[in-house]
**Q** 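Quick one: the structure is below, questions incoming.
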Amino acid sequence: MALVGCGSGVPSASVSNEDLSRRVDTSDGWIRSRTGIGARRVSGPGEPLTALATQAAAAALAHAGWRAEDLDLILLATSSPDDLFGTAPLVQGQLGAVNAVAFDLTAACSGFLFALITAGQYIAAGSVRRALVIGADQLSRWVDWDDRGTCVLFGDGAGAVAVEACAPEATGLLGFRMRSDGSRNACLTLAQTDEQQPLLDGLTSQRGGFAAIQMNGQEVYKFAVREVPAILAELLESTGTAPAELDWLLLHQANQRILDAVAERFAVPRERVLSNLAAYGNTSAATIPLMLDEAVRDGRVQPGQLLGSSGFGAGLSWGAALLRWSGPGAATSPEA
Ligand code: ACO
């Protein structure tokens, strides 16, 4: 599969660290030095996830030069759907992608990478020719804005990548690894509330609803700086790729110190590590495509370049993929 288009969508309202310090006991200095985050975007009541995801998807379609009717598959990675039954069909409807099947995939901050790999499998199997992979989250709905340990980290956004079948030698997915470890789930949760409702005599049912994000930040930090270099090292070894061959590290944007630790492990210079944490914070499933879109549009990422990518987060889940950006108009032909 070739990566041939990208797009993004973010809410207009930006909340700075100074703004947050008027609500919780924090400071710009603390947040920047511990995380690298300077601001985050926050959706208002009239800005559902569907709108952000559709904006990103439409931009990726336009970038690739495709019509919505050309799509066979839309995968939406999200942990904050507008509708628990699925938000991807809403995006499909708004795009007018009448020939596509659309469904959600949930794997927190690993979601986009897992969805991209999943799309790659459909394409490799020959059952899909053109797909849109979207990562979109609005964790602003699910943070406790009075918990300074979590509310400073997250922001809202969406990014999308258009992928299509191509000749094997032109593939943009050169290798991947995926992992999860549910025994460490409690480190980071957005869990059901334990609220019950009487139904009939002797019968009580659970009422739906979710509690705010709970996180053991230090455990998540240790997990990320241990597992991300390990899985990337495995991927590089299995694909016979030297770290020096990577044009870019495209990692999930959770914390600048995590990005720095991974870069140091592979001796990748700082200027080849993509980061937009300062403007957006952690947008969960959206970080990787949002970052890619920015770097493609400002000319940093060029057609033919290699990107070492890793997503990691709640689940716990983590993964890595070796990607090659093709860009719009790349000569492609159906996979064998
Ligand atoms: N402002 C000021 N002080 C704060 C804040 C804040 N926003 N938050 C915590 N503190 C205080 C703590 O209360 C603590 O004070 P104490 O020493 O008096 O008890 C002190 O700062 C140090 O707290 P730590 O938790 O040890 O701070 P740490 O250096 O570990 O940084 C952080 C915390 C930024 C959360 C870090 O652990 C981290 O980034 N972890 C990874 C989190 C992450 O990436 N999560 C998302 C994963 S992706 C997904 O799937 C959603």
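Index from 1, following the sequence. Everything numeric in this text was worked out from a predicted model, so none of it was measured. Both ligands and their constituent atoms are indexed starting at 1 by order of listing.
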**Q** Short N or O contacts of ligand 1 with protein, under 3.5 Å, listed by atom name?
**A**
| from | atom 1 | to | atom 2 | distance (Å) |
| --- | --- | --- | --- | --- |
| ligand 1 | 1 (N) | Thr26 | OG1 | 2.6 |
| ligand 1 | 3 (N) | Trp30 | NE1 | 3.4 |
| ligand 1 | 3 (N) | Arg148 | NH1 | 3.4 |
| ligand 1 | 7 (N) | Thr26 | OG1 | 3.1 |
| ligand 1 | 7 (N) | Arg148 | O | 2.9 |
| ligand 1 | 13 (O) | Arg148 | NH2 | 2.9 |
| ligand 1 | 21 (O) | Trp30 | NE1 | 3.4 |
| ligand 1 | 26 (O) | Gln218 | NE2 | 2.5 |
| ligand 1 | 27 (O) | Arg34 | NH1 | 3.4 |
| ligand 1 | 29 (O) | Arg34 | NH1 | 2.7 |
| ligand 1 | 29 (O) | Arg257 | NH2 | 3.4 |
| ligand 1 | 37 (O) | Gly217 | O | 3.2 |
| ligand 1 | 39 (O) | Asn255 | ND2 | 2.7 |
| ligand 1 | 40 (N) | Gly217 | O | 2.9 |
| ligand 1 | 50 (O) | Ala314 | N | 2.8 |

**Q** Just one of Thr287, Leu290, Ile288 clears the side chain to side chain contact (heavy atoms under 4.5 Å, CB included) bar with Gln253, so which one?
**A** Thr287
**Q** Applying side-chain hydrogen bond (donor to acceptor under 3.5 Å, both in side chains) as the test, list every pair that has at least one member in residues 132-143; sequence neighbours left out.
**A** Ser43-Gln138, Thr78-Asp137, Ser80-Asp137, Asp82-Arg141, Asp137-Ser284, Gln138-Arg141, Ser140-Asp156
**Q** Per the side-chain hydrogen bond (donor to acceptor under 3.5 Å, both in side chains) rule, what does the pair list look like for residues 96-120, sequence neighbours excluded?
**A** Ser110-Ser317
**Q** What residues form a side chain to side chain donor-acceptor pair (under 3.5 Å) with Arg226, not counting sequence neighbours?
**A** none
**Q** Does CZ in Phe223 sit with more than 12 non-hydrogen atoms of other residues, nucleotides or ligands closer than 6.0 Å?
**A** yes
**Q** Please test Glu47 against Arg41 for salt bridge (Lys or Arg N to Asp or Glu O under 4.0 Å), starting from the C-alpha separation and ending with a verdict.
**A** CA-CA 12 Å; Glu47 292 180 302; Arg41 299 296 179 97; over 6 Å; no
